[in-house]
Amino acid sequence: MDTSRNTPSNFIRNIIDEDLASGKHKGIVTRFPPEPNGYLHIGHAKSICLNFGLAEDYQGTCHLRFDDTNPEKEDEEYINSIMEDVHWLGFDWGDHLYFASDYFDKLYEFAVELIKQGKAYVCQLSADEIREYRGTLTKPGKDSPYRDRSIEENLDLFERMRSGEFEEGSHVLRAKIDMASPNVVMRDPTLYRIRKIAHHRTGDKWCIYPMYDFTHCLSDALENITHSICTMEFENNRPLYEWILDQVYPEPHPRQIEFARLNLGYTMMSKRMLLQLVNEGIVESWDDPRMPTLSGLRRRGYTPAAIRDFCERIGVAKANSLVDMAFLEHCLREDLNANAPRTMAVLRPLKVVIENYPEDQIEELDAVNNPQDPEPDTRKIPFGREIYIEQEDFMEDPPKKFFRLAPGREVRLRSAYFITCTDVIKDEAGNVIEVRATYDPNTKGGSAPDGRKVRATLHWVSATNSLPAEVRLYDSLFTVEEPSIDALAEQLNPNSLEVLTNARVEENLAQAVPGDKFQFERQGYFCVDKDSTKGNLVFNRTVALRDTWARTNK
RNA sequence: UGGGGGAUAGUCUAAGGGCAGGACAGAUGACUUUGACUCAUCCAGUCUAGGUUCGAAUCCUAGUCCCCCAGCCA
């Protein structure tokens, strides 16, 4: 039994424990086998954490293997992004980087072996005909007229498929299993098809490419994988996985174990949908901060530690599930609360003039960087006669439970002084455009020597000694918890991005570079976007702080 | 309606004959120079119906509902 960490038990660990206890395996080897046809998303993170995490816990190894058997859809760009994302998440495959395409020669030999055993044949039915012959879910299929060719003829035909003699679609290699099997996967599945396309790694060497079912089990076996963990939709393919290995590969065989893929509320994990969002310009790119891709989450400000923690805490099971986005956000906040330095930023500024504060005076005040640190350090922040506070922190006519600034009321400015609102200045339309106040010089640092209390502490920045910034606020991409790919248009959230261009941030942020993460006090966690430059700071809101006031206010 | 898989609080997940436990969400309170964090308390569950048993979420029988499979995709 594994007791080295707090990971909750799950059925996969139970299987591994049994296999180790029975002596079936001395150690474990897992693998993460992405097809390089898209960017990795949070669902892949679950699989990555599972496979690499299991290998770590059991002192085994985990391979990164690109399942690149379909040159039509695959691309070098994806290979690079996948490697970057896996590393970013915090995992390392060491020397164990593999490509299914590296096995094409061996795979071809296994196919020949199958033919020699009389268990595979070259079929000249068209794709449509094969579908017809396959039968339906309730009706058995019927044998292909090419099913009983001689071994010699099959060998010859397969060799000629390989040499490029035949057109795409004219011939395929099929396993000879059982056209009447209740499991349609077993009705003489296609093993090889002709595709006269260059492969991104093997170039023009091949014009026939092996199918997933043939490739995957043998790749696992060739790499001595012990536990081949995949998602539930491959459960029907497991008999084929085992059948192929039984015919051509010596024991022990890798064992395929299926688990339920991750579904997250208010987003979607299908590669097809993500590709569509990018292609139709609904989002900016694969790494748009609203995307559930790892590159999108990274740009949004998510941390690898938070994602790993999340993947561990959601557990692993076989039942369909829909995980609450709030849980991901909880894991994120937990990490960021401990690690993100605090700063002050005013998103929607409202000017406050402190009438009894000397004009042209600026003083440096000390502010704590992260009160969660055991020994917090401080920074200097400039304070002056004119400051900005958040528009929503002032109300001329406040309701009962509003603790913030209002006419005649005293509040604390974080790390600065108590101020009392003395007057309100409005424009012609009646909007509050400025607040006048007085400060109490005896409350420097934020506490009153006479012990008097205030209900609220506001964040603020100096009006003169602060920096302009653009702030991008994000919301979920969809308005429904379980969006369906067919109703994408109606279910898109038109307000998934809100850009604030008048924000002000502490001048300490002048040196911030893309990827830097901060807590904007009382508001949330923000990170510097890659669009940000020295003269034009851009921040993404990673996640807002929990806000009970907003909730009771609703 | 063939085959495969699944069902435990609103959500995710433990317990595999012996006290249904944890986390998220929600509620209340305490604390607070972030209406944050933290802490405390509370709310809330074994798909249904039978059976076996001293005892069933767990074993048996029969149902119900949900997911997957008919690519020369993975």
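Every chain is numbered from 1, with letters handed out A, B, ... down the list of sequences.
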With heavy atoms under 4.0 Å as the rule, sort A/Q519 into base, sugar-phosphate or nothing. base
B/U58 and B/A49, which share atom name P, separated by this distance in whole Å: 13 Å
Which part of the nucleic acid, if any, lies within contact of A/Y192, taking any heavy atom under 4.0 Å across all strands shown: a base, the sugar-phosphate backbone alone, or nothing? nothing
Nearest-angstrom distance, P atom, B/G22 to B/A9: 16 Å
What is the distance from NZ of A/K73 to C1' of B/C73, rounded to the nearest Å? 4 Å
For the residue pair A/E258 / A/Q256, report whether a side-chain donor-acceptor contact shorter than 3.5 Å exists. yes
In whole Å, I'd like the distance from the CG atom of A/L322 to the P atom of B/C66. 17 Å
Anything under 30° is parallel, anything over 60° is perpendicular, the rest tilted; go ahead and classify A/Y439 against A/F383. tilted
State which of B/A70, B/G35, B/A7 makes the closest approach to the side chain of A/A319. B/A7
Candidate list A/Y241, A/F234, A/Y192, test ring-ring contact (aromatic ring centres under 6.0 Å, His included), partner A/Y212, passing option: A/F234
By the 4.0 Å heavy-atom rule, please label A/T190 as base, sugar-phosphate, or nothing. sugar-phosphate
Under the criteria of a ring-centre distance below 5.5 Å and an interplanar angle below 30°, is A/Y212 stacked with the base of B/A74? no
Determine the contact category for A/N37: base if any of its heavy atoms lies under 4.0 Å from a base atom, sugar-phosphate if only primed atoms, P, OP1 or OP2 are that close, otherwise nothing. nothing
Mind calculating the distance between CD1 (A/I257) and C1' (B/G5) to the nearest angstrom? 15 Å
Between A/R333 and A/A260, who's closer to the 5' end of RNA chain B by nearest nucleotide? A/A260
Please determine if a side-chain N or O atom of A/R195 lies less than 4.0 Å away from the OP1 or OP2 oxygen of B/C73. yes
Rounded interatomic separation in angstrom, taking NZ from A/K142 and P from B/G2: 22 Å
Is a donor on one side and an acceptor on the other found under 3.5 Å between the side chain of A/E334 and the backbone of A/A306? no
Would you say A/H459 places a side-chain N or O within less than 4.0 Å of OP1 or OP2 belonging to B/U34? no
Does A/Y78 have its ring centroid less than 6.0 Å away from the ring centroid of A/Y39? yes
Ignoring hydrogens and angles, are the base of B/U34 and the side chain of A/R342 linked by a donor-acceptor pair under 3.5 Å? yes
Please work out if A/L137 contacts a base, only the sugar-phosphate, or nothing of the nucleic acid, heavy-atom cut-off 4.0 Å. base
Answer yes or no for A/R195 and A/Y209: cation-pi contact, defined as NZ/CZ to six-membered ring centre under 6.0 Å and angle to ring axis within 45°. no
Is A/R546 close enough to B/G35 that one of its side-chain N or O atoms is under 4.0 Å from OP1 or OP2 there? no
Between C1' of B/C12 and CD of A/E482, the distance in whole Å: 14 Å
Separation of atom CD in A/E72 from atom C1' in B/G71, rounded to whole Å: 11 Å
Between A/E223 and A/H63, do the side chains contain an N or O donor and an N or O acceptor separated by less than 3.5 Å? yes
Presence of A/R193 side-chain N/O under 4.0 Å of B/C73 phosphate oxygens OP1/OP2: yes
Among B/C12, B/G4, B/C24, which nucleotide has an atom closest to any side-chain atom of A/E235? B/G4
Glycosidic torsion of B/G71 (syn if within 90° of 0, anti otherwise) classifies it as syn
What does A/E35 touch in the nucleic acid at a heavy-atom separation under 4.0 angstrom: a base, only the sugar-phosphate, or nothing? sugar-phosphate
If the C1' atom of B/A14 is compared with that of B/C24, how far apart are they to the nearest Å? 15 Å
Using atom C1' in both nucleotides, what's the gap between B/C68 and B/U52 to the nearest angstrom? 34 Å
For B/U32 and A/T457 - does any side-chain N or O of the residue sit under 4.0 Å from the phosphate oxygens OP1/OP2? no
Between B/G35 and A/F403, is there a base-stacking contact, meaning the centre of the base's six-membered ring lies under 5.5 Å from the residue's ring centre while the planes stay under 30° apart? yes
Whichever of A/Q124 and A/S415 has its nearest RNA chain B nucleotide further upstream toward 5': A/S415
So what does A/S447 hit on the nucleic acid, given a heavy-atom distance under 4.0 Å: a base, only sugar-phosphate, or nothing? base
When you measure from the side chain of A/N320, which nucleotide among B/G4, B/C67, B/U34 comes out closest? B/C67
Work out how far the P atom of B/C59 is from that of B/A15, and round it to whole angstrom. 13 Å
Tell me what A/R313 touches on the nucleic acid: a base, only sugar-phosphate, or nothing, going by heavy atoms under 4.0 Å. sugar-phosphate
Need one value for A/S321: base, sugar-phosphate or nothing, where a base atom within 4.0 Å counts as base even if backbone is also close, heavy atoms only. sugar-phosphate
Name the nucleic acid region contacted by A/R134, choosing base, sugar-phosphate or nothing; use a 4.0 angstrom heavy-atom cut-off, strictly under. sugar-phosphate
Look at A/S126 and B/C72 and indicate whether a side-chain polar atom (N or O) is within less than 4.0 Å of OP1 or OP2. no
As a check on the pairing definition, encode RNA chain B in dot-bracket form, counting Watson-Crick and G-U wobble pairs whose two distances are under 3.5 Å, and using | for partners outside this strand. .((((((..((((....[..)))).(((((.......)))))....(((((..]....))))))))))).....
Which nucleotide in the list B/G5, B/A14, B/A74 gets nearest to the side chain of A/K318? B/G5
Can you check whether A/A544's main-chain N or O pairs, donor with acceptor, with A/R333's side chain at less than 3.5 Å? yes
Where the side chain of A/M211 is defined as all heavy atoms beyond and including C-beta, which of B/A25, B/C12, B/C72 is the nearest nucleotide? B/C72
Whole-Å distance separating the CG atom of A/D213 from the P atom of B/G71: 13 Å
What is the nucleic acid contact for A/A317, judged by heavy atoms within less than 4.0 Å: base, sugar-phosphate only, or nothing? sugar-phosphate
A/N369 CG to B/A36 P, straight-line distance once rounded to whole Å: 22 Å
Going by atom types alone, do A/H216 and A/R31 pair a side-chain donor with an acceptor below 3.5 Å? yes
Contact class for A/K401 vs. all strands (heavy atom < 4.0 Å): base, sugar-phosphate, or nothing? base
So, does A/R551 get its side chain near the phosphate of B/A27, meaning an N or O under 4.0 Å from OP1 or OP2? yes
Which is it for A/N337 and A/Y525 under the side chain to side chain contact (heavy atoms under 4.5 Å, CB included) test, yes or no, and what are the steps along the way? CA-CA 8 Å; A/N337 177 49; A/Y525 298 96; 3.3 Å; yes
Between the main-chain N or O of A/A367 and the side-chain N or O of A/R414, is there a donor-acceptor pair closer than 3.5 Å? no
Side-chain atoms of A/N236 come closest, of B/C24, B/C69, B/C72, to B/C69
Measure from the side-chain heavy atoms of A/V323 and tell me the nearest of B/U34, B/A74, B/C12. B/C12
How is A/F402 classified with respect to the nucleic acid when contacts are heavy atoms under 4.0 Å: base, sugar-phosphate, or nothing? base
Is the cationic atom of A/R162 (NZ for Lys, CZ for Arg) positioned less than 6.0 Å from the six-membered ring centroid of A/Y108 and within 45 degrees of its normal? yes
Could you tell me whether the side chain of A/D547 has a donor or acceptor atom within less than 3.5 Å of a complementary atom in the base of B/G35? no
For a quick check of understanding: with a heavy-atom distance under 4.0 Å over all strands, which category does A/R404 fall into, base, sugar-phosphate or nothing? base
Any side-chain N or O of A/R187 below 4.0 angstrom from OP1/OP2 of B/A70? no
